[in-house]
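Working notes, beginning with the structure itself.
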Amino acid sequence: MHKPIKYAEKAVTLAAGAMWHVFNTVNSIKPSKSFTPKWSDKPLLKSWEKEKPKLGWPRTTDSLCPKCVPEIRNKIVAGEIPVEILRNEKVGEIKAQIVERDGKILMVKDCPIHGHFEDVMCIDTKFFEHIERVFPGRDIRAHNDKGLHDHGSSTVTHGRGSVLTIDLTNRCNMMCDPCFMDANQVGFVHELTWAEIQTMLDNAISIKPRRQMSVQFSGGEPTLSPYFLDAVRYARKVGYNSVQAATNGIEFAKSPEFCLEAAKAGLRYAYLQFDGVGNAANSHRAIGNLFDVKLRAIENLHSNGVDIVPVITIINGVNNEQVGKVIEFALANPKKISFLSFQPVSFTGRDEEITPERRQAQRYTLSHLAHDAKNQIGMGEPARDWFPISFMSTFSDWADLIHGPTAEWGQLSCGCHPNCGTGMAVMIDKETKEFRPVTAFLDAEQLAKDIAKVNDAARGRFLSVFGVALALLRNYSPMEAPSAFKLTDLLQKMDKCFGASGRNYGKVTGDRTLEDIEMRRQDRWNFLFIAGMWFQDLFNYDFRRTEQCIIPYATQEGEISFCAYNTGVGWRNIVEKMHMTATLTKWYEERGRHEIIAGGKNVNLPSKEHSLILNMDAVNADIQHDLDSQGIAKTAREEKLRARNADMAKKAAEDARMAKLYREVVLKEKPAEAGFVPLNTLTGGIAPAPKPVAKVENKEEVGSFGD
């Protein structure tokens, strides 16, 4: 039975609906012109002015040949052809078609040299249609950016991103499959100097639109860089509110003191590699106690003021069973986990030469994620509760409007292509742990349309805030919300996210303190965002996605789209070789070897204690065995080993065939009788096949038998 307040709230929402129609009618008369904010040389965009790439299916787009590109890239790295070819020519580019077949969306393409390629983009046409239909359009075109955006077909053209990624080093203390950058395997060290780090951070805020971006320090393992803490500190100093580290967590798990230092320097989020619940689920990373490392890292980081975003690389047949378990882990620990980032595998780096059989078996898409969440724990409807990450840009546009033309920074805006990322928002009561997908009690699609109308009218701050408040109320269904959730909680959540009222919920600016962090954590409601970010590889590459990339890499050669850097043309290999610090041999001679933990070894943890709530059945579960019955390799290393063994067996068979042919043709021997084998091919003698030898149990028996 619903509480009385729910019925009162229902009356308020009905009244708000009636008021909205009056407000919208009046507000739409002679809309104001968009102003040009201080952080841009171009005006704010009306909803109808936003560009959209061609969507739907069938459609044609520009892609890459999975075979041509590595060949060209290797020649550039070897110095055989100049890097300028990537800026001036469409190397390796071919057309691709997005089509429907058997209820799935595929990318199919043909190279005149290497033939036909195809791959799955989506397993649910309704899901695909939904996320593309609600895409609000591209961000403001980037301008004043020629010095940073000049990469031919791979050039970022829209917006200025939402997460600036800076790889501090290509060194790592792990040896993982998969790995975007093939860490520890390229034969040289690429590690940024302090001057280079400062320049990259300064350059990023020089272009427009000058939006507030997160800065994510990555690698390799960024904590291995001697400038890690200095980089965090400097990023906060020059104005970035959200400073992140993409980390495996080993150094944070070892030392609470290091976590405190990072928090004081300004680290806000740790994007923590987290492939599942339990050591078995993480065993493909080849560290024996890796889950214990994750738990201890979460404990140390959170207790010292750093928030944690578990980042789960999902591989079909390897750990996709972990989707529900990881979500349940977050639901059980709402005070410590407020964001999950699932990343369907991208076959690049060590996996670029994957066989078609393994690629087909391990391919995982955003639609797989939405369906696994529903099928494994009954959470969410794929075509109702999942939206493209760029859906939130309408809300960011509203925040830009109410903060006015004098704001120093634009709002963070995730304006990526709808095929790049999706998400589902879940509201959790931290006290009772009751939860509900936000879109189960808030009509998000209609709300975005209403807010777009408020934005298009471009009135002053008061009317814009009032209009969105009405839109929130009229699209809210109190009976479907968590039992303790109130209308005032909904309004406060919106205010806390976008700073509409100016109320202090705890600062997020560079001068924030631990008190500010604790103040923001006092909120009873955890807005858990379950995101899926699908990075491209050469088999599903689409240049319409890289053009509006929201995760540019800052490099010595400018800012490059995440996918163009790591997976497409592969600018990483080229840039790092052009600007390598030293060969591995020279680095080791001058600075020594850093520790690499692999081969099933354990990380030496001072303590394994933590306060996280765990489902022990999930923790103790065995690894996923789906691929075993199919005879499919799980990693690039395993695949190469199988190929090498197959080559050896093939060579042995060919040697035996040639030996037999030599005996029959050259030595004129007769074929051996069944049950007999040649003992001496020179004399042609034969002997009965030897009887099986009893199993030898110890070394001494081997020695005496050999004697």
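With 3.5 Å as the limit, one finds no donor-acceptor pair spanning the side chains of T169 and E221. H284 and N319 are not linked by any side-chain donor-acceptor pair at a separation below 3.5 angstrom, with hydrogens and angles left out of the test. Between the side chains of N419 and D542, no donor N or O sits under 3.5 Å from an acceptor N or O. In this structure, a donor-acceptor pair under 3.5 Å is absent between the side chains of E557 and H151.
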> Given the rule in the side-chain hydrogen bond (donor to acceptor under 3.5 Å, both in side chains) test, do D456 and S47 qualify, once you have shown the distances and angles that lead to the verdict?
Replying inline: CA-CA 7 Å; D456 291 342; S47 62; 2.6 Å; yes
>> Please evaluate residues W386 and F391 with respect to the criterion ring-ring contact (aromatic ring centres under 6.0 Å, His included), reporting the C-alpha separation (whole Å), side-chain torsions for both, the decisive distance (0.1 Å), and the verdict.
In response: CA-CA 10 Å; W386 291 82; F391 180 77; over 10 Å; no
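Ring-plane geometry between F562 and F535 is classed as parallel, the angle between the planes falling under 30 degrees on a 0 to 90 degree scale with a further cut at 60. Between Y271 and Y269, the ring planes are perpendicular. Angles over 60° get that label, and only those under 30° would be called parallel.
The only member of R572, K67, R73 that meets salt bridge (Lys or Arg N to Asp or Glu O under 4.0 Å) when paired with E352 is R73. Here the rule is side-chain hydrogen bond (donor to acceptor under 3.5 Å, both in side chains) with D139, and of R160, K50, R211, H158 only R211 fits it.
When the shell of 6.0 Å around NZ of K90 is examined, it contains 12 or fewer heavy atoms from other residues, nucleotides or ligands.
With hydrogens and angles disregarded, no donor-acceptor distance shorter than 3.5 Å links the side chain of Q322 to the backbone of G276.
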